[in-house]
K.L.:
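Can you read through this structure? Questions will come right after.
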Amino acid sequence: MEFLRSSKTYLFIISLLLFIIPFFWLKPGEMDLGGDSSRLYFYDPLNYLKYSVLYATQHVGMGVENPLYLFLPFNIVLIVLMKVFNSGYLIITLFNNLSLAVAFLSMYGIAKELMFGKILKKNYSFFGELASLFAGVYYVFSPVMTYGAWDKAIFTHYQLFLNPLIFFLLLKFFVTKKMIYLLFTLLITFIFSVNFSWGASPSIFAFYPLALFYLVLYAIHIRKLTINIKNLIIFSGLFIWIHLFHILPLVFSFLDKSGLAYQKVLQGGSSANPALDYFLGIAPSVKLTKNILGLPQQLQSVSSAEFLFFAVPLIIILGLIFSTYTFIDKEQKKNFLLLLSFFLVALFFATANVTTLGLEVYKSLFAVPGFSMFRNFYGQWQFAYLFFLSLVVGYGFFYVLIKIHKKLLCFILFFALTLFLVITAFPFIRGDRINLILNIGQKIEFKVPIKMDPAYEQVLNYIRKDPIDGKYITFPLSESFSQMIAGTQGGMYQGPSTIVHLTPKSDFNGYQVLSPFSEIFLSLVKEKDYDSLSRLFGILNIKHIFYNSDPLIMNYFPDFPYQHVRNFLPSTQMGYSNFINSLPVVKEKDFEKKYHIYSLDNNYYLPHLYIPKKIQAYKKNLDPWGYIKEAFFKAPGSKDPRIVYLEDNIIKINDSVPKINFVKINPSKYYIKITNAKEPYILVFSESFNNNWKLFLSNKKIKSKTVASYFNGEIQEMTHVNKWIDLSSFETLGKNPIADKNHFMANAYANGWYIEPENLGNKTEYTLVLEMTSQRVGYLSLFISLLGITVIIGLITKNILKFKLIPYSDIPKD
Amino acid sequence: MIKSIITILIITRAILVLKKNKLLLIMAIVFLILSDILFMFGSSDVRIFTFLTLYVFISFLYKSKNRLTFSLCLIFLAVLFAEFIKSGASEKTEEAAVWLVLFLAVGIVQQWKEISA
């Protein structure tokens, strides 16, 4: 029975239980997909990588420059795991297992290191072990953790185990000065790059500055250690080096002023007043009482026994009182106070509403550039606050146990408190946080976990093989950017377009995605102006309609995601069917009577690249939300859709236009062969206007086959490829762009170039490269980071080998 | 000159009186704080920081131990508990929570000073 007395036994049992718990959350084959991040990388990591991660542009609707390279390391790990397990269910469960077990073990490790750090009296080690275990158990089963954001968890949710894990490794480095801990830290930050990227800055800045500051104070004042500044500088340098693949594109995006990052930070998103208004809107609802008790703010009540959580502040206060009676190293006591001070700081930031003065101080912080990222302050500070709360509770518990001193009593108390936490976390343990219902109260309710419909998988395969470089529109259209797909076992996918993330095609699947044409689109539907609607489809390069006629996705969702659009678009599947049949479309394929693909008539369709025959001026009237107010493309006075709409009609073009053949190399690169270009012409590229789309002259000759021909062969699409990188990826480096000064916005959103024969030395036949130049930054930074991570893996291997080579006789006996 | 001497004498006398009545004063402050939580309408920073400054001053005067401050935290926690059971996270509960946090902060500083000394 000796093993029952060992704390390691309990450590093992708890870790094992935590590892097992997530197996009860999902049934085999199910995946909790959807939400803002889609989580489709768990379902099909390879296609997610190919179509969402590798490029500087995202093909959502009209396209946007938004590199997602930061997903690359994690995505590659998922691809490897998919090869091994061949199951999204297993991979999701594995990550849930790891999240819980690693979070617990790290918290245990931190608490133990902090309590045992200064040689603990031997007769106190039992209490230290028990208190460390309790700190870990409290962290994973506290209501803040179990009621927070587990449903359709976005990527930053991994901070729940990354925060303690990175803290633990850094703590070990500060204490032992061994570089291996920093190297492992770097490797972890690389794999979970998203959690260390610009997108995760609120959670990074909420936790790491506090954590690092504490570590420095702990090392210097408590442990009286010297800090190895040199290694820390090397660590910082290596961190930047391996993370260049997402830092560098971001820097260029800021410098260029056309990228999404720049627009978000410096145009509107970061201005202090909207952020402050948002903050003031939610601040009164965050209660200090709940934060002191360690209860989540989102819920009215966790359980009828939530008053028992008064044990949390009670343990801390008793710990503080008892610590004065305990004959223990005074630095240990100081550490408790230091931790408490950091907890109070985190508590303040997670609460805001601590006296009027406190609120005023918080408000004034919004004048600091960048602080607006904390407008949703509770959500962003709750993990930092929970981290320090758990350590403080662990420490308090330690002193309470020392005071009790009788081992059996201590163990009973530990067991009772752990049992209490487990009971209150039972809905979480059962998997209720994952198995959320999307449409509560409806006749048929749908849960988040989904088994993908094989018929829908056929749709995705079909779209992947579609040879035409045209966009899709998904019906029923949602009011946001959510697509709905019913699973085979009562689940429902509700999230970003699967067509966008898992196929090479662009998709308009929601009102927001149609911006700035959202309102015009709805009013044209209401007016039943099918001709103008079809012209709009042409301008937007929409070739296909994907129609999901499954009644389940509409009939039981009276509100989100159709509430606003229902006032304009059909509210039943029958209505949708009639609406689509009123458009000039041809049905292309059915998939089990549920999914249908239609193709738009070529009399309306405008290929991705075209040369207009006519220019029409329009006035860009926008409403306060930035939506276009007038359908400028109505009644253009020409049957030929090859028209370009410009705000300033100062350019003159000829009716006779050159011929073009184009081939898509990847979403950021096209080759365009122009023939018979004797006069100036306009080239229109139906992707969102961006200064980084540039034209260059190329020596390449297009040799592929024609897959589609329009306007009597005047525009031809060749066989498109999807080649991420090859030798010609850098062919435009050092070349001057063509007609860059004549690059303008066409059709109220797209790219247009006015090209004169002089721009190309009066040649009449030539090949152009159309390229998103920021993709080069992506290639370059990826290469640099790859080099960096190779160095780190090499250093880790070297350190491990060195570790193994220590002779047994050299290992200290004690 | 005489006026100044009289003022100094009054202050010295007052301090002496204060020093002799430690328990009474602490109880008076606790009573004031409990009144603020339970009977006063709304939260007031003027009240909070006046009472808190008074407590800090008296703690300094009497060189009272951190244990006293943390014991007072237990009283505020009890009030917090009662108010929470009665009315959830109401205005009074929040007021008690604020007092608890402020006294925790004061206690931390006191204990740190005591340990360092």
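Convention: sequence-line order gives letters A, B, ...; per-chain numbering from 1.
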K.L.:
Of the listed residues (Leu347(A), Thr355(A), Ile316(A), Leu340(A)), which shares the most heavy-atom pairs with chain B below a 4.5 Å separation?
P.N.:
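Highest number of pairs under 4.5 Å: Thr355(A).
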K.L.:
Check whether Ile85(B) gets within reach of chain A through its side chain, its backbone, both or neither, counting any heavy atom under 4.5 Å.
P.N.:
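Interface part for Ile85(B): side chain.
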K.L.:
Under a 4.5 Å cutoff for heavy-atom pairs, which residue among Leu102(B), Leu104(B), Val98(B), Val109(B) has the most contacts with chain A?
P.N.:
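Most heavy-atom pairs under 4.5 Å with chain A: Val98(B).
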K.L.:
Is there side-chain contact between Lys330(A) and Ser116(B), with at least one heavy-atom pair below 4.5 Å?
P.N.:
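No. Closest side-chain heavy atoms not under 4.5 Å.
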K.L.:
Within a strict 4.5 Å, meaning less than it, do heavy atoms of the Trp112(B) and Lys333(A) side chains meet?
P.N.:
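Result no, sub-4.5 Å side-chain heavy-atom pair not found.
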K.L.:
Side chain, backbone, both or neither: which part of Ser323(A) has a heavy atom under 4.5 Å from chain B?
P.N.:
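The answer is the side chain of Ser323(A).
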K.L.:
If you count the non-hydrogen atoms of other residues, nucleotides and ligands that lie under 6.0 Å from CZ in Phe213(A), is the total more than 12?
P.N.:
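Not more than 12 within 6.0 Å, no.
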K.L.:
Which value, rounded to the nearest 0.5 Å, describes the distance between Ile321(A) atom CD1 and Leu74(B) atom CG?
P.N.:
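Here the rounded value is 4.0 Å.
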K.L.:
Flag the pair Val101(B) / Phe348(A) as yes when at least one side-chain heavy-atom distance between them is below 4.5 Å, and no otherwise.
P.N.:
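No, side chains not in contact.
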K.L.:
For Met27(B), is the CE atom crowded, meaning more than 12 foreign heavy atoms sit under 6.0 Å from it?
P.N.:
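At most 12 heavy atoms, drawn from other residues, nucleotides or ligands, come within 6.0 Å of this atom.
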K.L.:
Less than 4.5 Å to any heavy atom of chain A: does that hold for the side chain of Leu77(B), its backbone, both, or neither?
P.N.:
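It is both, since atoms from each part get that close.
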K.L.:
Could you tell me which portion of Phe81(B) (side chain, backbone, both or neither) has an atom closer than 4.5 angstrom to a non-hydrogen atom of chain A?
P.N.:
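Phe81(B) touches chain A through backbone and side-chain heavy atoms alike.
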K.L.:
Rounded to the nearest 0.5 Å, how far does CD of Glu114(B) lie from CG of Leu337(A)?
P.N.:
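Those atoms lie 10.0 Å apart.
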K.L.:
Quick check for you: to the nearest 0.5 Å, what is the distance between Ser71(B) atom OG and Ile317(A) atom CD1?
P.N.:
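So the gap between those two atoms works out to 9.5 Å.
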K.L.:
First locate atom OG1 of Thr351(A), then atom CD of Glu94(B), and finally report the distance between them rounded to the nearest 0.5 Å.
P.N.:
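One gets 8.5 Å once the value is rounded to the nearest 0.5 Å.
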K.L.:
State the OG1-NZ distance between Thr93(B) and Lys290(A), to the nearest 0.5 angstrom.
P.N.:
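Output value for this atom pair is 11.5 Å.
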K.L.:
Cation over ring, Arg67(B) on Tyr325(A), under 6.0 Å and within 45°?
P.N.:
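Flagged: Arg67(B) positioned over aromatic ring of Tyr325(A).
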K.L.:
Verify side chain to side chain contact (heavy atoms under 4.5 Å, CB included) between Ile108(B) and Leu344(A), making sure each step is shown before the conclusion.
P.N.:
CA-CA 10 Å; Ile108(B) 290 169; Leu344(A) 288 183; 3.6 Å; yes
K.L.:
Ile292(A) versus chain B, heavy atoms under 4.5 Å apart: side chain, backbone, both or neither?
P.N.:
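Only the side chain of Ile292(A) comes within 4.5 Å of chain B.
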K.L.:
Between Leu314(A) and chain B, with a heavy-atom cut-off of 4.5 Å, which part of the residue counts as in contact: side chain, backbone, both or neither?
P.N.:
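When you check distances to chain B, atoms from both the backbone and side chain of Leu314(A) fall under 4.5 Å.
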K.L.:
Nearest 0.5 Å please: distance from the NZ atom of Lys65(B) over to the OG1 atom of Thr324(A).
P.N.:
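Lys65(B) atom NZ to Thr324(A) atom OG1 measures 9.5 Å (nearest 0.5 Å).
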K.L.:
Would a 4.5 Å heavy-atom cut-off, applied to side chains only, mark Phe70(B) and Leu318(A) as touching?
P.N.:
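The answer is no, as the side chains (C-beta and beyond) never meet within the 4.5 Å cut-off.
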K.L.:
Would you say the side-chain atoms of Gln111(B) pair up with the backbone N or O of Leu320(A), donor to acceptor, closer than 3.5 Å?
P.N.:
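It does hold such a pair.
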